[in-house]
**Q** 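Have a look at this one before I ask anything.
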Amino acid sequence: MGRHLVMKASRYAYARQMKRAKAYTRKLRTNLGRVIREVERQGVVPELGRILSVCKRILVQRVDDKDKIYSVHEPEVTCIAKGKAGKKYEFGQKVSVAVLSKGGWLMGVLCIPGNPYDGHTLQRQMEQMERLYIKKHGQKTIHVDMGYRGHDYEGEHPVIVDKRRCGKTPKRIWRWMKRRAAVEPTIGHRKSEHRLKRNQLRGTLGDSINAILSAAAMNFGKLLGFLLAFLRKLLNLLLQDKRQSCAA
């Protein structure tokens, strides 16, 4: 019955018949309330306690509410506005990525739940980078996009926020600022080729593990590419020496 109501509401919403879609949504809400009250009358078993609390939140939430639940099995999922015409929203967790300017190696990956403002994630990301990389290699310059304006970082490393026009920015610094755009295809490859787009692990811990494994897979892919190029070059040198010896 519930599946049939969901299908009808989705079809009416797709056909832009919103009154009929809202009527079926009200029926779904009514049925959910009846099920919750029936379970409470019969006594809540420990296994159903978590699901029952999630169902109660779904029952009372409205369209304009914050911190809504989008998935029963993963209530930590948040709605992230992309601001793009082709894909306005994404559902999941935010992942902060720190990439080296040379080579595009992924050095820092941090899954941040709760959909915070991008600028308010820089401090946590830099704490991870200082622990993993900067302590060994000294002071570095941080290049971020315009979404990090008004960031919360107060460390010793200079932060350069990207802008639309060069203006009075020196060409040397402007080249490094434009190099920051190389992180965008890196994120795209992680989504399409390294399973970052759809996570199969459960909970916020599973989100963090999936983000780290995706970055590790991409770095290992780069290493395998370098190893393959080295072996190919070595094989060419050996074949060249063999040809010279045969010719002699």
**Q** Side-chain donor-acceptor pairs under 3.5 Å in residues 57-67, sequence neighbours left out?
**A**
unit_1 : atom_1 : unit_2 : atom_2 : d
Arg57  : NH2    : Asp67  : O      : 3.1
Gln61  : OE1    : Ile69  : N      : 3.0
Gln61  : NE2    : Ile69  : O      : 3.3
Arg62  : NH1    : Leu59  : O      : 3.4
Asp65  : OD2    : Arg62  : N      : 2.6

**Q** Any pair with a residue in residues 207-218 that passes salt bridge (Lys or Arg N to Asp or Glu O under 4.0 Å), sequence neighbours left out, goes on the list, sorted by first then second residue, please.
**A**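 Those involving residues 207-218 do not exist here.
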**Q** Output every pair passing salt bridge (Lys or Arg N to Asp or Glu O under 4.0 Å) with a member in residues 14-36, not counting sequence neighbours, ordered by first then second residue.
**A**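 Qualifying pairs: none.
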**Q** Quick one: which residue pairs count as a ring pair (Phe, Tyr, Trp, His ring centres under 6.0 Å) with a foot in residues 151-189, not counting sequence neighbours?
**A**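 Listed by first then second residue: nothing to list.
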**Q** Taking ring pair (Phe, Tyr, Trp, His ring centres under 6.0 Å) as the cut-off, I'd like each qualifying pair that reaches into residues 56-96, sequence neighbours left out, listed once.
**A**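 As it turns out, the ring pair (Phe, Tyr, Trp, His ring centres under 6.0 Å) pairs with a partner in residues 56-96, which skip direct neighbours, are Tyr70-Phe91.
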**Q** Can you sort out the partners of Glu154 under side-chain contact (heavy atoms from CB on, under 4.5 Å), two or more places apart, ordered by chain and number?
**A**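 side-chain contact (heavy atoms from CB on, under 4.5 Å) list for Glu154, sorted by chain: empty.
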**Q** List in chain and number order the residues that pass side-chain contact (heavy atoms from CB on, under 4.5 Å) with Gln42, two or more places apart in sequence or in another chain; answer none if no residue qualifies.
**A**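 side-chain contact (heavy atoms from CB on, under 4.5 Å) list for Gln42, sorted by chain: Glu38.
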**Q** Taking all heavy atoms of Arg149 and all of Met146, pick out the closest pair and write down the distance.
**A**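 Nearest pair, atom of Arg149 first, then Met146: NE-O, 2.9 Å.
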**Q** Can you give the donor-acceptor pairs under 3.5 Å from side chains of residues 100-115 to other protein atoms, not counting sequence neighbours?
**A**
unit_1 : atom_1 : unit_2 : atom_2 : d
Asn115 : ND2    : Cys79  : O      : 3.2

**Q** Hydrophobic side-chain clustering at under 4.5 Å (ILVMFWY, transitive links): who's grouped with Leu205? Put none if nobody.
**A**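 Leu201, Ile209, Leu213, which link up through side-chain heavy atoms under 4.5 Å apart, make up the rest of the cluster.
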**Q** Using the test side-chain hydrogen bond (donor to acceptor under 3.5 Å, both in side chains), find all partners of Lys222 that sit at least two apart in sequence or belong to another chain.
**A**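 In terms of side-chain hydrogen bond (donor to acceptor under 3.5 Å, both in side chains), with neighbours along the sequence ignored, Lys222 is linked to no residue.
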**Q** For residues 18-63, pull every pair meeting ring pair (Phe, Tyr, Trp, His ring centres under 6.0 Å), keeping only residues two or more places apart or in separate chains.
**A**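 Ring pair (Phe, Tyr, Trp, His ring centres under 6.0 Å) check on residues 18-63 returns Tyr12-Tyr24.
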**Q** Quick one: list whatever passes salt bridge (charged side-chain N to carboxylate O under 4.0 Å, His left out) with Asp118, sequence neighbours left out.
**A**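 If we apply the salt bridge (charged side-chain N to carboxylate O under 4.0 Å, His left out) test to Asp118, skipping adjacent residues, the hits are Lys94.
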**Q** Regarding Gln125 and Ser96, is there a side-chain donor-to-acceptor distance under 3.5 Å anywhere?
**A**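 The criterion, which ignores hydrogens and geometry beyond distance, is satisfied for Ser96 and Gln125.
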